[in-house]
Number of protein chains: 2
Amino acid sequence: MAPKSKDASTEERIKEAARTVFTQKGYSATRTRDIAEEAGINLALLNYYFRSKEKLFELVMAEKIRELFGVITPIINDSKTSLEEKVALIVEAYITMLSQNPGLPLFVLSEIRNNPEHFANNLQVGKLLTESYFVKQLLEKRPDVFPLHYIVNILSMSIFPFIVKPVLESTGVINAKQLNAFTEERKTLIVKWFKAMIDS
Amino acid sequence: MAPKSKDASTEERIKEAARTVFTQKGYSATRTRDIAEEAGINLALLNYYFRSKEKLFELVMAEKIRELFGVITPIINDSKTSLEEKVALIVEAYITMLSQNPGLPLFVLSEIRNNPEHFANNLQVGKLLTESYFVKQLLEKRPDVFPLHYIVNILSMSIFPFIVKPVLESTGVINAKQLNAFTEERKTLIVKWFKAMIDS
DNA sequence: GTCTATAACCTGATAGAC
DNA sequence: GTCTATCAGGTTATAGAC
């Protein structure tokens with residue numbers, strides 16, 4: 001990702017720290033001093049490299065949006081895979097990715113809520129949800145059901161456990177390790193459930 | 001809710017404004033000036049009635065947590081309703097309530113993420129997810145599946161559309177009115193899907 | 001109870017030495 | 001490139017007049 005020298009350059013250290021802190025606390029609750037401390041550098045260096053808190057945030061945010069929505073993009077418009085194959089691929093991709101980055105959905109969704117207009121340019125995501133090959137296949141199978149229902153179901157069943165992770169953990173229902181096993185198990189279950197759903 | 005005089009007292013006006021602004025922007029992004037303006041009162045009155053921003057927030061937050069989790073409490077431990085009846089009641093209750101308060105889940109979940117330890121006392125919620133009558137019924141029907149899977153499915157399919165509402169709207173996939181019809185339609189669909197799931 | 005004015009503090013950003 | 005010191009602006013909270 002960094003075509004720089006050998007190890008983590010100062011610039012990359014700051015960016016990485018920003019990823020961590022922003023994702024954990026959100027834009028407003030994050031102080032530039034938090035990022036500087038996390039990166040182990042001086043506060044002034046943040047502005048030297050990135051000009052402002054907002055500029056650094058936008059960099060991280062754009063990256064996180066690509067991470068979150070980029071997962072389905074290549075899968076959903078593939079004309080060579082079947083409906084069920086797509087579902088299996090989407091579920092596998094999301095759960096694997098979110099296991100490494102559990103805070104991602106809550107972060108992105110919160111920030112979009114706080115600043116919807118700033119995100120409005122990304123209407124390419126909308127097209128995927130209304131005009132993709134996946135939608136066409138859903139309609140062929142079930143012309144009587146609005147396809148967004150199934151898309152929401154697949155995404156919700158895959159992503160929701162990570163969104164409520166803080167609740168599950170702080171209430172002692174499940175710990176981080178158990179949650180990992182739990183979501184791993186869901187990879188096959190959701191595909192099975194989807195089949196049952198779409199045939200019902 | 002307010003056993004006060006006739007109309008909205010100043011105290012209640014401030015609390016109501018706090019509900020609105022905190023829910024919309026979260027704790028950190030909210031300035032006490034925003035609340036004062038929304039309430040149409042002077043900034044100093046906020047501190048006169050509630051001492052501090054944090055104190056006011058805790059009041060609102062406790063209320064919102066009760067709103068969000070209180071929905072299932074009476075349903076989930078009722079020994080007189082069947083499994084499927086419970087599912088129908090949960091879905092109905094959540095979708096109806098969230099249609100009136102769409103920002104609630106994202107708000108509560110974000111704030112819990114930002115401050116998990118502060119929320120740790122609410123482990124009563126955990127008991128509902130692991131020891132309720134509902135869990136017992138799920139286990140009777142499907143002893144081979146970890147019951148939390150089904151609970152997550154029902155909650156996710158009901159709540160997730162409201163969590164991604166800002167995305168659906170800002171990408172032009174669906175507008176507020178359409179989302180309402182969409183979630184309304186899901187009330188019966190989710191129950192149907194649940195039956196298919198648990199029998200598969 | 002409600003307001004104005006201001007204190008006390010915090011945060012983002014920069015100047016300037018090294 | 002990196003640091004220390006500090007400024008400028010904004011935010012919470014309070015003092016004190018009415």
Side-chain angles (χ1 to χ4, degrees), chain A residues 1-64 107 110-111 114-115 118, chain B residues 1-62 64 107 110-111 113-115 118:
Chain A
M1 179 126 288
K4 266 294 178 63
S5 57
K6 51 219 162 176
D7 210 0
S9 64
T10 301
E11 185 173 351
E12 185 54 38
R13 293 242 313 282
I14 297 173
K15 215 195 278 185
E16 180 58 28
R19 279 188 269 260
T20 305
V21 182
F22 276 137
T23 306
Q24 217 158 65
K25 322 215 293 181
Y27 177 79
S28 297
T30 296
R31 293 168 307 156
T32 50
R33 281 165 172 83
D34 298 334
I35 298 175
E37 193 186 352
E38 172 80 18
I41 52 96
N42 188 275
L43 171 63
L45 281 179
L46 189 150
N47 295 88
Y48 174 78
Y49 280 105
F50 298 97
R51 238 182 68 99
S52 74
K53 175 188 179 183
E54 192 174 349
K55 198 85 176 53
L56 175 55
F57 174 76
E58 277 168 13
L59 226 72
V60 171
M61 184 63 175
E63 195 182 288
K64 292 297 174 185
F107 166 69
S110 305
E111 299 301 332
N114 291 349
N115 225 332
H118 183 281
Chain B
M1 184 123 286
K4 267 292 177 66
S5 58
K6 50 218 162 177
D7 210 2
S9 65
T10 300
E11 185 174 351
E12 186 53 40
R13 294 242 313 280
I14 297 173
K15 215 195 278 182
E16 181 57 29
R19 279 188 269 261
T20 305
V21 182
F22 276 138
T23 306
Q24 217 158 64
K25 323 215 291 183
Y27 177 79
S28 297
T30 296
R31 295 166 307 153
T32 49
R33 281 167 171 80
D34 299 334
I35 298 175
E37 192 184 355
E38 172 80 18
I41 53 98
N42 188 274
L43 172 63
L45 280 180
L46 190 150
N47 294 88
Y48 174 76
Y49 280 105
F50 298 97
R51 240 183 67 99
S52 72
K53 174 187 179 182
E54 192 174 351
K55 199 84 176 51
L56 175 54
F57 174 76
E58 277 168 14
L59 226 72
V60 171
M61 183 65 175
K64 292 298 173 184
F107 166 70
S110 305
E111 299 301 332
R113 174 202 58 175
N114 290 350
N115 225 332
H118 182 281

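Proteins get letters first, then strands, A, B, ... in listed order; numbering begins at 1 in each.
- Of the charged side-chain nitrogens involved, at least one lies within less than 4.0 Å of a carboxylate oxygen, so that Arg19(A) and Glu12(A) count as a salt-bridged pair.
- Using a 4.0 Å heavy-atom criterion, one finds that Thr30(B) contacts the sugar-phosphate atoms exclusively.
- Following rounding to the nearest Å, Arg13(B) (CZ) and dG1(C) (P) show an atom-to-atom distance of 14 Å.
- Taking atom CD1 on Ile14(B) and atom P on dA13(D), their separation rounds to 13 Å, with Å as the unit.
- Nucleotide dC3(D) holds its P atom 14 Å from the CD atom of Glu37(A), rounded to whole Å.
- Salt bridge Lys55(A)/Glu58(A): absent, no basic N to carboxylate O contact under 4.0 Å.
- Straight-line distance from the CG atom of Leu43(B) to the C1' atom of dT6(C): 12 Å, rounded to whole Å.
- Rounded to an integer number of Å, the gap from Asp34(A) CG to dA13(C) C1' is 16 Å.
- OP1 or OP2 of dA13(C) has at least one side-chain nitrogen or oxygen of Asn47(A) nearer than 4.0 Å.
- When the P atom of dG9(D) is taken as reference, atom CD of Glu54(A) falls 18 Å away, rounded to whole Å.
- When all heavy atoms of Ala18(A) and Val60(A) are compared, the pair lying nearest together is CB-CG2, 3.9 Å.
- Residue Thr10(B) places its side chain closer to dT2(C) than to any other of dT11(C), dT2(C), dT4(D).
- Arg31(B) places its CZ atom 12 Å from the C1' atom of dG9(D), with the value rounded to the nearest Å.
- The phosphate of dG12(C) (OP1 or OP2) has a side-chain N or O of Thr32(A) nearer than 4.0 angstrom.
- Distance Arg33(A) CZ to dT4(D) C1': 13 Å, rounded to the nearest Å.
- Taking the six-membered ring wherever Trp is involved, the centroid distance between the rings of Phe22(A) and Phe107(A) does not fall below 6.0 Å.
- When distances are taken from the side chain of Tyr48(A) to each of dA13(D), dT2(D), dT2(C), the shortest belongs to dT2(D).
- Applying the 4.0 Å criterion to OP1 and OP2 of dT2(C), one finds that Tyr49(B) has a side-chain N or O inside that range.
- Among dC3(C), dC3(D), dT6(D), the nucleotide with an atom closest to any side-chain atom of Asn42(B) is dC3(C).
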| field | Check against salt bridge (charged side-chain N to carboxylate O under 4.0 Å, His left out), Arg13(B) and Glu16(B) | value | CA-CA 5 Å; Arg13(B) 294 242 313 280; Glu16(B) 181 57 29; over 6 Å; no
